[in-house]
Amino acid sequence: MIRWEEKSIIQAAKEKNINLQLMDAKEFIFDLDEPNSFPHVVLQRCVSYFRNLHSTAILESFGSKVVNSFYVNWITGNKLFTTLLLKKNKIKTPKTMLSFEMDSALKALDKLGYPSVIKPIIGSWGRLVALIKDRDSAKALLEDRMHMFPLYQVFYLQELVKRPPRDIRCFVIGDRVVAAIYRISGSDWRTNTALGGKAVNCPITKELEEIASEIVKLLGEGFYGIDCMESKEGLLVHEVNNTTEFRNTVPATGINIPGLVVDYLKKLAKC
Amino acid sequence: MSLECLDCGGKIDIPKDAITGEIITCPDCGASFELVKDEKGFSLKLAQVEGEDWGE
């Protein structure tokens with residue numbers, strides 16, 4: 001699937017006389033017993049997380065350098081794994097609890113206090129991220145999820161951070177921050193631009209650069225979207241996006257993200 | 001070049017630099033389609049708009 005983002009990268013490559021080879025995961029047959037020849041450098045842009053993760057595993061096993069790597073995919077595609085990594089490395093992130101059953105989830109929520117937030121451990125665009133305002137709502141919501149696919153019965157519960165009606169997405173290419181936007185809530189409490197959040201340029205502060213630098217140290221160079229919330233304790237990182245979208249960021253910041261991505265791929269191809 | 005929307009019959013302009021796999025949205029009804037190219041040229045295929053594991 002070619003979205004605005006992929007098309008702009010293709011266009012940027014053309015302008016820089018770089019011949020990109022497009023690969024469509026839908027058409028691929030990976031014969032794991034036959035020698036395969038894949039490009040030296042691959043920019044992974046599968047919109048499906050599971051296709052992304054598994055095709056990256058195969059491409060890496062056959063020697064390709066994939067942006068982003070399997071390790072990055074594995075960690076950042078799962079909110080729990082990301083939170084564990086952030087907490088272990090003392091990067092500030094919201095208070096989070098996890099449980100697998102309704103009763104234990106209710107106890108966790110009593111401890112976190114209401115309102116709190118529940119998120120699927122895998123998922124994007126704010127899908128199924130819900131604000132839980134009280135115990136009755138929690139019971140109803142958790143009961144529904146107990147009838148859903150097991151993935152949604154991993155209850156990832158988080159404090160509702162007192163923040164302005166916006167968060168910050170900071171874009172890293174290679175090892176440096178190239179752009180940042182405020183994502184300002186629209187009609188929804190969530191800030192996702194997929195849900196109507198508005199993108200506005202955000203200055204790249206020293207604090208953002210330090211956070212990004214810590215995350216790059218943990219995950220390695222790549223192409224990331226780091227999401228942060230402004231709190232009285234400073235910026236809290238709540239997510240790292242692995243196949244980040246930037247269609248709203250380019251006009252808001254004036255930064256040529258597709259061009260910078262192509263430059264980064266070119267640099268990797270020379271290594 | 002333009003194609004007829006499979007949902008509402010509206011006119012969808014195909015950009016000159018269109019490529020196969022590109023997502024095109026009908027300006028009239030908002031339906032999304034994937035562009036497919038064969039020897040006859042481009043045609044539209046209903047696009048999956050969102051999957052359970054889709055996103056960034």
Side-chain angles (χ1 to χ4, degrees), chain A residues 1-11 14 20 22-27 44-54 68 73 76-79 120-129 148-149 151-152 169 171 192-195 223-225 227 239-247 249, chain B:
Chain A
M1 175 186 284
I2 296 172
R3 298 164 290 175
W4 186 93
E5 283 82 359
E6 288 75 37
K7 195 162 180 191
S8 69
I9 290 169
I10 294 165
Q11 188 60 39
K14 267 186 197 159
L20 283 188
L22 301 182
M23 299 159 76
D24 186 347
K26 291 200 294 290
E27 291 172 5
Q44 173 64 268
R45 294 295 303 175
C46 266
V47 69
S48 152
Y49 168 66
F50 289 113
R51 278 184 194 167
N52 193 321
L53 184 72
H54 291 86
N68 292 313
N73 248 296
T76 62
N78 183 303
K79 290 187 179 64
I121 49 165
I122 291 172
S124 295
W125 298 335
R127 199 169 41 239
L128 293 176
V129 173
M148 291 168 71
F149 190 71
L151 189 67
Y152 300 110
R169 174 163 296 179
F171 292 81
N192 305 75
T193 51
L195 298 172
F223 177 30
Y224 308 118
D227 293 346
E239 204 167 318
V240 180
N241 295 278
N242 174 46
T243 318
T244 192
E245 293 167 330
F246 48 85
R247 84 184 65 184
T249 305
Chain B
M1 180 199 174
S2 65
L3 292 170
E4 191 175 291
C5 175
L6 301 180
D7 265 11
C8 73
K11 184 182 156 196
I12 303 178
D13 288 326
I14 307 302
K16 280 184 186 158
D17 61 350
I19 40 181
T20 192
E22 186 172 344
I23 297 297
I24 299 277
T25 302
C26 173
D28 292 338
C29 71
S32 291
F33 301 96
E34 190 175 326
L35 276 178
V36 183
K37 194 174 187 184
D38 59 18
E39 63 279 0
K40 290 177 193 163
F42 282 112
S43 59
L44 298 174
K45 184 177 117 181
L46 268 178
Q48 186 182 357
V49 176
E50 189 169 348
E52 209 166 344
D53 69 330
W54 282 25
E56 45 186 337

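Labels below follow one simple rule: chain letters A, B, ... track the order of the sequence lines, proteins then strands, and each chain is numbered from 1. Owing to the predicted nature of the structure, the values given are computational and were not obtained by experimental measurement.
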Undergrad: Applying side-chain contact (heavy atoms from CB on, under 4.5 Å), can you list everything that pairs with B:Asp17, at least two apart in sequence or on another chain?
TA: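 A:Lys7, A:Gln11, B:Pro15.
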
Undergrad: Over all heavy atoms of both residues, which pair between B:Thr20 and A:Ile2 is shortest? Give the atoms and the distance, please.
TA: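 Closest approach of B:Thr20 to A:Ile2: O-CD1, 3.3 Å.
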
Undergrad: Pick from A:Asn241, A:Thr243, A:Val47, A:Ile10: which one has the most heavy-atom pairs with chain B under 4.5 Å?
TA: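 The residue among A:Asn241, A:Thr243, A:Val47, A:Ile10 with the greatest pair count is A:Val47.
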
Undergrad: State the CZ-OG distance between A:Arg3 and B:Ser32, to the nearest 0.5 angstrom.
TA: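 It is 12.5 Å, given to the nearest 0.5 Å.
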
Undergrad: Please flag which part of B:Glu34 lies under 4.5 Å from any non-hydrogen atom of chain A: side chain, backbone, both or neither.
TA: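 Only the side chain of B:Glu34 comes within 4.5 Å of chain A.
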
Undergrad: By a 4.5 Å heavy-atom criterion (distance strictly below it), what part of A:Phe246 contacts chain B: side chain, backbone, both, or neither?
TA: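 Looking at A:Phe246, nothing touches chain B.
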
Undergrad: Need one label for A:Lys14: side chain, backbone, both or neither, based on atoms under 4.5 Å from any heavy atom in chain B.
TA: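 Neither the backbone nor the side chain of A:Lys14 comes within 4.5 Å of chain B.
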
